[in-house]
There are 2 protein chains.
Amino acid sequence: MATLGDLERAVMDLLWEHPEAITANTLRDLLSQRSSGADARPLAVTTVLTVLSRLEKKGLVERERSIRPHRYRAVTSRADHTAELMLEVLGSAPDREAVLARFIGTVSEGEAETLRKLLGRD
Amino acid sequence: MATLGDLERAVMDLLWEHPEAITANTLRDLLSQRSSGADARPLAVTTVLTVLSRLEKKGLVERERSIRPHRYRAVTSRADHTAELMLEVLGSAPDREAVLARFIGTVSEGEAETLRKLLGRD
DNA sequence: CATAAATTCTACGTCTTGTAGAAGTTCAAG
DNA sequence: CTTGAACTTCTACAAGACGTAGAATTTATG
């Protein structure tokens, strides 16, 4: 897998917020709103298209080619994607448990509670 | 923070394995052994030095400039570094709990047990 | 078929990383 | 102090990832 650039990330965030597949133009509009500073200038649609193609190649985005203005949507949910990334970072190191220890030491009490529930006993 | 390249990663791995600060030359030798394929050719020392400088700039490596062949060592342990990366990936998303749920669903039973202990009750 | 809309190609500047030679610095021995 | 070897810093370049978008091509539709 890999890391995403800023624009790629912004596009993924929007796709994650929109479960229904959307068009490149819609995406461009959403991106414009989001980045509304005095610096304005919206991206060219081709820019958005290029980014979408790259994300598709990376397996993060799927597109429907059957309808004309193609529709794009994220392949996985943001939560799944993030969890996968975390596992990738955790890797298969010999010190996995040590890493988990450090990690657990940092989550909030509320999250710790959630984790306890999730871990239940079985 | 960021992601490390292959060589940067290899260097960090060696530094993590060697708690005592070591020299660039030692590192180069260790790297040579490690990558002993039929492809041989060891890296130039300057290459190792460049990588070390970059890692230093990134805050991952510290060097002692007082003694002549400078000594290098990792600033944090691998476990700490990895845990930090995981937290960075987890980020401050609104769906942190959902991410944790996915994440927990993937660890081994042994690790789950470790996590239960770490989370204790309080 | 002409045309507007949409998609794909091609391209370029910047940044990161692997790689290392050239140039400068330092220290110990003579 | 001078010199030479060891060491470090500078400078450089190729390749790949990303942001960005114009040029060229494809596709419906009147």
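All chains are named by letter (A, B, ...) in the order of the sequence lines, taking the proteins before the strands, and each is independently numbered beginning at 1.
Atom NZ of A:K57 and atom C1' of C:dC9 are 12 Å apart (whole Å). Here the P atom of nucleotide D:dA17 and the CG atom of A:D6 are 17 Å apart, to the nearest Å. Separating the CD atom of A:E56 from the P atom of C:dC9 is a distance of 12 Å, rounded to the nearest angstrom. The CD1-P distance, from B:I67 to D:dC7, rounds to 12 Å in whole Å. Taking atom CG of A:L55 as the reference point, atom P of D:dG19 lies 9 Å away to the nearest angstrom. The CZ-P distance, from A:R54 to C:dT7, rounds to 17 Å in whole Å. Per the geometry, CG belonging to A:L27 stands 15 Å off C1' belonging to C:dT7, to the nearest Å. Across the protein-nucleic acid pair, B:L31 atom CG and C:dA20 atom C1' stand 15 Å apart, rounded to whole Å.
At D:dA21, one or more side-chain N or O atoms of A:R41 fall inside 4.0 Å of OP1 or OP2 (strictly under the cut-off). Phosphate contact (OP1/OP2 of D:dC7, side-chain N/O of B:R65, threshold under 4.0 Å): absent. Remark: A:H70 is in phosphate contact with C:dT7, judged by side-chain N or O atoms under 4.0 Å from OP1 or OP2. At C:dT19, none of the side-chain N or O atoms of B:T50 fall inside 4.0 Å of OP1 or OP2 (strictly under the cut-off).
Among D:dT9, D:dT8, C:dA6, the nucleotide with an atom closest to any side-chain atom of B:R68 is D:dT8. Considering only side-chain atoms of A:T46, the nucleotide from D:dC18, C:dA20, C:dT8 that sits closest is C:dT8. Proximity note for B:N25 (side chain, C-beta onward) versus D:dG19, D:dC7, D:dA21: the nearest is D:dC7. Out of C:dT8, D:dC7, D:dG19, the shortest distance to the side chain of A:L49 is found at C:dT8.
Counting heavy atoms from C-beta outward, A:R63 and A:L52 have side chains that stay 4.5 Å or more apart.
Taking the nucleotide of DNA chain D with the nearest heavy atom to each of A:S66 and B:R71, the more 5' of the two is matched to B:R71.
The residue A:R9 sits apart from the nucleic acid: no heavy atom pair falls under 4.0 Å. As judged by a 4.0 angstrom heavy-atom cut-off over every strand, B:K58 is placed among residues touching the sugar-phosphate backbone only. Backbone-only engagement by A:L43 is indicated by non-hydrogen atom pairs under 4.0 Å involving sugar-phosphate atoms exclusively.
No donor-acceptor pair under 3.5 Å is formed between the side chain of B:R71 and the backbone N or O of B:I67.
Ion pairing of A:E111 with B:R96 is present here, as a side-chain N (NZ or NE/NH1/NH2) and a carboxylate O approach within less than 4.0 Å.
When all heavy atoms are compared, the tightest approach of A:V61 to A:Y72 is CG1-CD2, 4.0 Å. Residues B:A24 and B:V45 approach most closely at CB-CG1, 4.3 Å, considering heavy atoms.
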